[in-house]
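Here is the naming used below: chain letters follow the sequence lines, and residue numbers restart at 1 for every chain.
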Number of protein chains: 4
Amino acid sequence: MKQKRPKYMQIIDAAVEVIAENGYHQSQVSKIAKQAGVADGTIYLYFKNKEDILISLFKEKMGQFIERMEEEIKGKQTAKEKLALVITKHFSLLADDRHLAIVTQLELRQSNLELRQKINDILKGYLNILESILTEGIESGEFKENLDIRLARQMVFGTIDETVTTWVMNDQKYDLTSLADKVLDLLVFGFHKE
Amino acid sequence: MKQKRPKYMQIIDAAVEVIAENGYHQSQVSKIAKQAGVADGTIYLYFKNKEDILISLFKEKMGQFIERMEEEIKGKQTAKEKLALVITKHFSLLADDRHLAIVTQLELRQSNLELRQKINDILKGYLNILESILTEGIESGEFKENLDIRLARQMVFGTIDETVTTWVMNDQKYDLTSLADKVLDLLVFGFHKE
Amino acid sequence: MKQKRPKYMQIIDAAVEVIAENGYHQSQVSKIAKQAGVADGTIYLYFKNKEDILISLFKEKMGQFIERMEEEIKGKQTAKEKLALVITKHFSLLADDRHLAIVTQLELRQSNLELRQKINDILKGYLNILESILTEGIESGEFKENLDIRLARQMVFGTIDETVTTWVMNDQKYDLTSLADKVLDLLVFGFHKE
Amino acid sequence: MKQKRPKYMQIIDAAVEVIAENGYHQSQVSKIAKQAGVADGTIYLYFKNKEDILISLFKEKMGQFIERMEEEIKGKQTAKEKLALVITKHFSLLADDRHLAIVTQLELRQSNLELRQKINDILKGYLNILESILTEGIESGEFKENLDIRLARQMVFGTIDETVTTWVMNDQKYDLTSLADKVLDLLVFGFHKE
DNA sequence: TATGAATGAGCGTTCATTCAT
DNA sequence: AATGAATGAACGCTCATTCAT
């Protein structure tokens, strides 16, 4: 399918690069078209409008991330191991694609509310994975039974997201992936001594 | 002093209201001026440019929040009590000013990177308070001694921020402030049973 | 080439007309676009900015004037004949295009200094022609050998320019071109009797 | 009278300085007021509007120039001597007040047409002096009897004006006043040999 | 007289989208 | 499918002038 519409991914990849290098507000459609090697008008044969490029970009990148994640999670037994996998994968995905990291953590957030709500919808798949793991952890007795799933999920996502954003804003100077263990430990055991 | 420059706060308050109700990109200077009951040009007697309104807005609101926080923290003994206070105050500040919540959680993030970096600079005062509490907790033996301060701070801020944002995006339907206890418990003790 | 970019000349001609009729400061880009029968944005496909329209206008009109002049001068023998040609052509160019006369003598001078310096650069080609003629006149023995070329050139240009400006400010009431002979005589022989 | 309204001249002098140093379009009323050491509003107690400052400026400076000129001319016998005096005085007035030279030759010309027509009205006094001298020269037999007075006057004024403007645009690098003799010679005897 | 805070009209330019070819 | 020239709506900011004190 992507074979048959090679320009679709070509434009999305161009968008990631252009946005990462020029910033959200300096990424005009004409610039993306140029980077993709197509005419401005061609963009509109593949995307409804500019917003649609960004949503598709996020859907495409996040979609394959979630798919792979769901697959790999099956290989893990405990909730904690699954949580560890998610954190590690999340970190490594973005550590391995610095352009994508800049785009998702900084640039895409400058989009208008409407677009961000659509992005949130796509994120729901990811948040559902998190909730499943948490539920599983309660059921298996790993996590406290009165755990507020929604709050816990917000803690997991909020912590991961803030960690990545801080890393990007510090120019990706240090190794992000290696932080996964400590983050997991903090989430599961908290700050408390013992 | 602010008494003597009533228009300054008048314009800032107008900006909060206009942005909350119309969205960041639909908040033209003329709209803010109208809401503030002044002429467009008057804005520029008090602010360098439009961006300066937004920075000042954040500085003004966040500044008094941090000041009050630092004051009240002195009355608390343990690090955990101090953390509880911060979370509660953070939640109640935004729960009590729904317009401000929309502006800080959703609208201001649509601003360009330059402005957001200035906002981050202002936030540093807040993040420093968090780090102080964490350091204190380690020294007092409340928190584990090998706690990674920066990571822990990112967990606290990330969790609070994500919790508030989710609440705002759900139209502030439920009581935010009452979540403070559970959030504190999660941060301090983690998900783990026992 | 100009045939293939009809909008370019279309916009320049519209600018001359709009400026002549509305005055420099009342000639908004949108007004020029309307007169040219194009959209505002189209202007910017052909010109860098508003100032660029004015520079191009002057360059275009003056450029072809200087080219034609250089050509026709070759057909003349004496320096005096050449000078006569320049004066006559200068007068008839503006007498035949009353809009252009208003624009060059009155309106374009209201532009800022930066633009006027660019206009002066374009004028240099014309001033060079004048200097060549004067040099030639000295060498041929027509003009006094101790003639100060620069001063003489300023006298020629200053006289022509002042004559045209006065004519424009008097609403182009009298025949400008027919003054050429008398102007030439004054420049060559001065006020003096005999 | 000026004694009794010291601020009037104070504002005019401030205007000359501000315009010479900042350029016409960067000479806001508030800047002139500041330079004059008065409040913005005070300007309007002495001048009807901004344009009125500029007209008054020109009238004031040109007025005393013309008065002095008329006085000194009486001391000269021949038309040629009188013409020599006018040129010399015109040059030395501006050579001795570099700010005034910049303002009259470059900056004031950027004003709108209406203002420039008022300036022309003031100039008429000067042009009348020129015409008187020319008429006198014809009557006395110094100048050719068929001299076209208006054209000759345009030649005199155009030459002087162009000479001064060129000098100002060349940053007043050379001595202007010493050019008077050569200019006079050119005007009276032309380019012609013998 | 003198002040200076307040006013508000006015405009060059960008860029997502269209559509004739 | 692909092109790219053309479109036109939208807005932050300046500054001459006023007027309450």
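Heavy-atom distances under 4.0 Å link DNA chain F to C:Leu45, C:Tyr46 of residues 43-50 of chain C, given in residue order.
Taking a heavy-atom distance under 4.0 Å as the criterion, the stretch of DNA chain F touched by chain A extends 5' to 3' from F:dA1 to F:dG4.
With the nearest nucleotide of DNA chain F identified for both B:Ser27 and D:His25, B:Ser27 has the one nearer the 5' end. For the pair D:Ser30 and A:Thr42, nearest-nucleotide mapping onto DNA chain F gives the more 5' position to A:Thr42.
At a threshold of 4.0 angstrom between heavy atoms, the contacts of B:Val29 are confined to the sugar-phosphate backbone, with no base atom among them.
Contacts of B:Asn49 classified as side-chain contact (heavy atoms from CB on, under 4.5 Å), with partners at least two apart in sequence or in another chain: B:Glu51, B:Asp52. Contacts of A:Asp40 classified as side-chain hydrogen bond (donor to acceptor under 3.5 Å, both in side chains), with partners at least two apart in sequence or in another chain: none. Checked against salt bridge (charged side-chain N to carboxylate O under 4.0 Å, His left out), D:Lys59 has no partners two or more places apart in sequence or in another chain.
Checking A:Asn22 against A:Gln28 by side-chain atom types alone, no donor-acceptor pair falls below 3.5 Å. For the residue pair D:Gln35/D:Asp13, the side-chain donor-acceptor check at 3.5 Å is not satisfied.
Two residues are said to be in side-chain contact when any heavy atoms from C-beta on lie closer than 4.5 Å; B:Lys61 and B:Val16 meet this criterion.
Note: CD1 (D:Ile11) to C1' (E:dT1) measures 12 Å, nearest angstrom. Counting to the nearest Å, the P atom of E:dG10 and the CD atom of C:Gln28 are 10 Å from each other. Between C:Asn22 atom CG and E:dC11 atom P the separation is 11 Å, expressed in whole Å. As rounded to whole Å, 11 Å separates atom P of E:dT13 from atom CD1 of C:Ile32.
The shortest heavy-atom contact between C:Ile19 and C:Ser27 is CA-OG, 3.2 Å. Shown here for D:Ile53 and D:Ala15, the closest heavy-atom pair between the two residues is CG2-CB, 3.9 Å. A pairwise comparison of heavy atoms in D:Leu106 and C:Arg116 identifies O-NH1, 3.1 Å as the closest pair.
Not one side-chain nitrogen or oxygen of B:Lys34 sits closer than 4.0 Å to the OP1 or OP2 atom of E:dG8.
Using a 4.0 Å cut-off between charged nitrogen and carboxylate oxygen, A:Asp121 and A:Lys118 do not count as a salt-bridge pair.
Consecutive Watson-Crick or G-U pairing (both distances under 3.5 Å) extending over three or more pairs maps onto DNA chain E as E:2-21 with F:2-21.
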